[in-house]
Every structure is written in structure tokens, then in C-alpha cells.
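Heads up, the thing below is written out as C-alpha cells.
Keep in mind that what you see is a predicted model, and the values were worked out from it rather than measured. In listed order, ligands and their atoms are each counted from 1. Worth knowing before you read on, the calculation uses all heavy atoms, side chains too, and leaves out hydrogens, waters and symmetry mates.
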Amino acid sequence: MLEVKGLRKVYRSGTREVEALRELTFTVAAGELVCLVGPSGCGKTTLLRCIAGLLEPTSGQVEVGDKAGLAIVFQEYGRSLFPWLTVRDNVDLPLRQKKVPRARRRQLVDEALTAVGLAGTESAYPWQLSGGMQQRVAIARAVAYEPSVLLMDEPFAAVDAQTRADLEDLVRSLWQRLGVTIMFVTHDIDEAVYLGQRVLMLSASPTVIQDELTVDLPAERDQLHTRADPRFTALRTRVYEQIQLAKVRTGTASGAAGELSSADR
Ligand SMILES: Nc1ncnc2c1ncn2[C@@H]1O[C@H](COP(=O)(O)OP(=O)(O)OP(=O)(O)O)[C@@H](O)[C@H]1O
């Protein structure tokens, strides 16, 4: 389970202050798959970094149970894999750091690579693989770690549409099989509705939760039928409208988004 309470983040550099997150409060239940969607620059990455403990919040709290049980898949697979390590060693590295015994490590790596459809590529180097395959390696690395919470930061933004659809289905099947809690951040409304059990919509920066939606689509989803379902269309329309509203609100506000005037401080 993941709990975020009153999270606020203000970036300070010199005399300039940017309030990226104003007040975020939400809970992701154990085993839930929640998508976060919001306009560009709304603070999605800031939020994930605060949750992962990579960034200190200005105020508020994040509770993830065991921080060691957290894994992240980033957007830029090219930068998250080590080019000088083979696929096996890339997936194995966090397990070594976690001091998992050798035989168990071997088993976890094999299982994870099989689960993402990459059995047989163990001795290849990341740069010998396509972008979609590299992102599968990054997912395998996260899965092999056996996290209780998996954070995914726009993980499919850099792959082509067909690969993206395959990877979305891969995430849903891994989630159903492993029972892991997933927080999936995306700017793609259709992706959020297709993947999530719930969608949290973020406002533009300074960010609050603008709206929340339960995705009451059947648990068994497939790219063809789910996306053609009238309910899917209704849900995506609702998310789209909220995101548009978020943009309009910012457009009418004075000053740049999130920029604090002295009166606000
Ligand atoms: N290190 C920093 N110093 C100052 N301001 C920052 C810093 N990092 C982010 N910001 C600002 O905080 C706000 C949120 O940025 P963030 O990268 O978290 O948004 P995002 O939703 O992930 O963006 P995108 O959708 O474009 O990837 C933006 O206004 C950004 O300019």
C-alpha cells in the first residue's frame, strides 16, 4: 500500500521559487493498479521522485511500508540500463545489491525474463536490442526484484504504438499474476483508462488532484474490444474534459504555472 498525505513540493533556486505540487493526498491500496494522468509539466515526475525518496518533499508525508520493496521503471530505458552489462547482469544487479543468494537470483532473473518474453536474450547487451525489448528488460529488472510497490514513470512514451500496446498488456498480465501494487504515470488518457482500476487526474502545476475516476471496465481487457467499448469512450471523455479544465484554469491564472509571487509565500 502507498499513502501520500498533504504532499507539497516547492523548488527553490536563488530567489526563484516554483511550487510544483501544492497539496496531494491519496492512497493506493495493496495490489491496486492506479494511473495518474495530468497535463505536461504538472509535476508527475516530481511526485514519483518524492515517493521513491529521491527528492525531499517541502511538507507532507509519503508512506510506502518497506522502502526496500519499491521498484521504478523510468521512461528512458536507454539511460536506465547499463550498456556494458548483459541483459542477465542488468536484471541481476539490484538482486546482488539486495544480497539475494546466487541460486535464487538465477531463478528470479530467468523467471522475470521469461515473463516479459525475453528468454534467450540473457547474453545480449542492451544496445543490441530494440527500444521495446530494452523497456522489457527494464520491466524484468523491476519484476525480478519482487517489489511490493512498482512505480512506472511514463514507461512507454518512447516506443512505437504497436510495441506500446504489447507492453500495456504485459503490465496488466504481470500485475494480475504478481499481485503487486502499481502506480503508473502517463500523459496518455487512453493508456490511463485502459490500464487502471482507478485514474487520478492531476491539475496543472501547482498541482492538486482535480478528479478521480473508477474504471468500471471488465478486468479482462484487450486492445481491440476494450477500446471499442462505449464505456471506455465515456470514461476517456470524462478524463479528457477534466484535463482540459485543468489547462483552462491555469491559462486564466496570472503568472507562469507554479511560480510563486511574494504574496503567496
Ligand atoms: N529542479 C527543478 N528546479 C525548479 N523547478 C523544477 C525542477 N524540476 C521541475 N521543476 C518544475 O516543477 C514543475 C513540475 O515538473 P515535473 O518535471 O515534475 O513535471 P512533469 O509532469 O513530470 O512534466 P512532463 O509531463 O513534461 O514530463 C514544472 O513547472 C517544472 O518546471
Give the atoms of ligand 1, by number and element, whose distance to some non-hydrogen atom of Ala20 is under 4.0 Å. 12 (O), 13 (C)
Which of the ligand 1 atoms, numbered from 1, are nearer than 4.0 Å to a heavy atom of Thr46: 14 (C), 15 (O), 16 (P), 18 (O)
Ligand 1 contacted by Ser13 (non-hydrogen, < 4.0 Å): no
Can we say Asp160 and Arg164 salt-bridge, meaning some charged N sits less than 4.0 Å from an Asp/Glu carboxylate O? no
State whether Arg238 and Glu241 are salt-bridged, where the test is any N-O pair (Lys NZ or Arg NE/NH1/NH2 against Asp/Glu carboxylate O) under 4.0 Å. no
Would you indicate whether the side-chain heavy atoms of Tyr145 and Val143 approach each other to under 4.5 Å? no
When Phe156 is tested against each of Thr186, Asp188, Val171 for side chain to side chain contact (heavy atoms under 4.5 Å, CB included), which residue passes? Val171
Run down the list Pro206, Gly41, Ser205 and name the one with the heavy atom closest to atom 14 (C) of ligand 1. Gly41
Ignoring hydrogens, just give me the one of Asp153, Thr45, Leu55 whose non-hydrogen atom is nearest atom 22 (O) of ligand 1. Thr45
Just distances here: any N/O of Val18 and N/O of ligand 1 closer than 3.5 Å? no
For Pro39, is at least one N or O under 3.5 Å away from an N or O on ligand 1? no
The reported gap from NZ in Lys9 to CG in Leu24 (rounded to nearest 0.5 angstrom) is 13.5 Å
Hphob cluster co-occupancy, Leu47 + Leu54, side-chain heavy atoms under 4.5 angstrom: yes
